[in-house]
Protein chains: 2
Amino acid sequence: MGYRENPRPGGRSARVQAAVHQSVRDMLATMDRADITIPMIAQRANVTPSTIYRRWGDLQELLADVAASRLRPEAEPAKVGSPREDLEAWAEQYADEMASGVGRQMLRDILSASDVANAEKCSGYTQQQLAVFIARAKEQGEAFPTLTELMDHVISPVIYRILFDQAPGPDYVRKLVAKVMPEGTLKS
Amino acid sequence: MGYRENPRPGGRSARVQAAVHQSVRDMLATMDRADITIPMIAQRANVTPSTIYRRWGDLQELLADVAASRLRPEAEPAKVGSPREDLEAWAEQYADEMASGVGRQMLRDILSASDVANAEKCSGYTQQQLAVFIARAKEQGEAFPTLTELMDHVISPVIYRILFDQAPGPDYVRKLVAKVMPEGTLKS
DNA sequence: CGCGCAAAAGCAAATAATTTGCCTTAGTGA
DNA sequence: TCACTAAGGCAAATTATTTGCTTTTGCGCG
């Protein structure tokens, strides 16, 4: 009697999931998160509350699921210049998105759920994106930081600040990138 | 009709707060967090549920409050060798505590609450502790990283890993510290 | 000291959310 | 086509939350 992780596309289960996700996104856009309840989500999605309870367990799990699916990158990072420049542009946008009200909420939703799967998924997405820059740099023979260095010294500080402190400022990210680039790699 | 942030010690309000906090700590120690409810906490603390609802709002706020108060450092970090060695020892213990089941839960509780105050408090505690090392190093004329460097390149990566990934390994923290120390500062 | 005030707690009724058992529906694969 | 099963609907039972009103407690003041 378990629910499939990935419902077959086109099936009823997939339709319900889509309707519920959509309903949650609508509500997040229009009202305060503290006022959102499962019965309300259910009504807007035209399903019964018990469907949601059985499938997701509670509001936190549902919100985490929705947040993680919104965080999935839609495309490869843009290629506009050198790998370093691409990384800088991407990181800046990443920081902005995460620091925005919506992004911040999504991060919290993901971390609040008792199930760790969504947090890992989210970190995995970021690593995938970073891996693209690393591959490009390698291809072009450009010196570049490792994945671990990028995660530890660019992503982590940005996320920490967003979660605990204040949003990272505009050139803060640029400085982090500069610091992590290998010696002798100067910005053009 | 607002509740005081810091109830006068010895008053009724302070007793209730202590009883409720204790009740929460007991329950966290003995049962799964998903099974904890406000009525249960109230019963164990000999208080009516409405008292808790009025004072804290909901379970998440209460858990965040309890977690933040547990995270308050009790003493200045130990002084056993050079500032760098002290920092290493402290950071390692910090990482262990945060990565433990209890520590991880506390972090999540703090981040799940809609009120950001506890998250800021928690980050503030860490910065206070780090400031002690910096002051000691300055006093002894030892080269030392800034507070920002320590937060960005030691604390942030540790916390990020705990939240999104896996617990940081045993010598991972040591490497982070080594990396952030000023050039020419070699380990004795 | 004892009085009055206001903050905070208790109580209980009203409301809302969650859980659960049982039934129905809709896809899937033989 | 048919039977099987995962998933959804419905409604009753349970549990949590909110709220209006009352009572208690501790503080400041005369």
Side-chain angles (χ1 to χ4, degrees), chain A residues 1-24 26-28 30-66 69 109 112-115, chain B residues 1-24 26-28 31-66 69 109 112-115 117:
Chain A
M1 233 231 231
Y3 282 77
R4 290 173 179 283
E5 176 70 15
N6 288 99
R8 289 184 184 73
R12 179 169 55 152
S13 172
R15 281 199 307 278
V16 167
Q17 172 171 342
V20 170
H21 273 225
Q22 185 58 49
S23 168
V24 169
D26 287 352
M27 301 195 68
L28 283 173
T30 54
M31 55 189 295
D32 197 60
R33 94 160 335 43
D35 301 332
I36 295 178
T37 65
I38 287 189
M40 284 166 111
I41 294 167
Q43 183 174 33
R44 184 185 286 241
N46 273 108
V47 292
T48 48
S50 66
T51 295
I52 296 182
Y53 287 115
R54 283 206 244 252
R55 205 161 152 169
W56 282 277
D58 63 14
L59 185 58
Q60 289 189 339
E61 293 296 333
L62 172 55
L63 291 176
D65 185 40
V66 172
S69 85
D109 288 341
S112 311
S114 63
D115 185 348
Chain B
M1 235 241 225
Y3 282 77
R4 290 174 178 280
E5 175 72 12
N6 288 100
R8 289 183 184 75
R12 180 169 58 154
S13 172
R15 282 200 307 278
V16 167
Q17 173 173 342
V20 170
H21 272 225
Q22 184 58 49
S23 167
V24 170
D26 287 352
M27 301 195 69
L28 283 173
M31 56 190 295
D32 197 61
R33 96 160 337 46
D35 301 333
I36 296 178
T37 65
I38 286 189
M40 282 167 113
I41 294 167
Q43 182 172 33
R44 185 184 285 242
N46 272 108
V47 166
T48 48
S50 65
T51 295
I52 296 182
Y53 286 115
R54 282 207 242 251
R55 207 161 150 169
W56 281 278
D58 62 13
L59 185 58
Q60 289 189 339
E61 293 296 332
L62 172 55
L63 290 176
D65 184 39
V66 172
S69 85
D109 288 342
S112 316
S114 62
D115 184 350

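The figures that follow rest on heavy atoms only: side chains count, while hydrogens, waters and symmetry mates do not. Letters A, B, ... are given to chains in the order of the sequence lines, protein chains preceding strands, and every chain is numbered from 1. Note that the structure is predicted; figures quoted are calculated from it, not measured.
- Atom CG of B:Leu59 and atom P of D:dT18 are 12 Å apart (whole Å).
- A:Asp35 has its CG atom 11 Å from the P atom of C:dA17, to the nearest Å.
- Nearer the 5' end of DNA chain D, as judged by each residue's closest nucleotide, is the contact made by A:Thr48, out of A:Thr48 and B:Gly57.
- Below the 3.5 angstrom threshold, one finds no donor paired with an acceptor across the side chain of A:Arg12 and the base of C:dA26.
- At the phosphate of C:dA8, neither OP1 nor OP2 sits under 4.0 Å from any side-chain N or O atom of B:Arg55.
- Rounded to whole angstrom, the span from the CD1 atom of B:Ile52 across to the P atom of C:dC11 amounts to 14 Å.
- No hydrogens or angles were tested; on distance alone, a donor-acceptor pair under 3.5 Å links the side chain of A:Arg54 to the base of C:dG21.
- Counting to the nearest Å, the C1' atom of D:dT19 and the CG atom of B:Asp58 are 17 Å from each other.
- You won't find any donor-acceptor pair under 3.5 Å spanning the side chain of A:Arg15 and the base of C:dG27, going by distance alone.
- For B:Gln22 and B:Arg44, the side-chain atoms include no donor-acceptor pair closer than 3.5 Å.
- One atom, CH2 of B:Trp56, and another, P of D:dT18, lie 15 Å apart when rounded to the nearest Å.
- Contact annotation: B:Ser50 does not reach the phosphate of C:dG10 (side-chain N/O to OP1 or OP2, under 4.0 Å).
- Looking at A:Arg33 and A:Met27, their side chains never come closer than 4.5 Å, going by heavy atoms from C-beta outward.
- Regarding B:Gln43, its CD atom lies at a distance of 11 Å from the P atom of D:dA16, rounded to whole Å.
- The shortest distance between side-chain heavy atoms of A:Leu62 and A:Ile52 falls below 4.5 Å.
- Contact check for A:Val20 versus A:Gln17: no side-chain heavy atoms found under the 4.5 Å cut-off.
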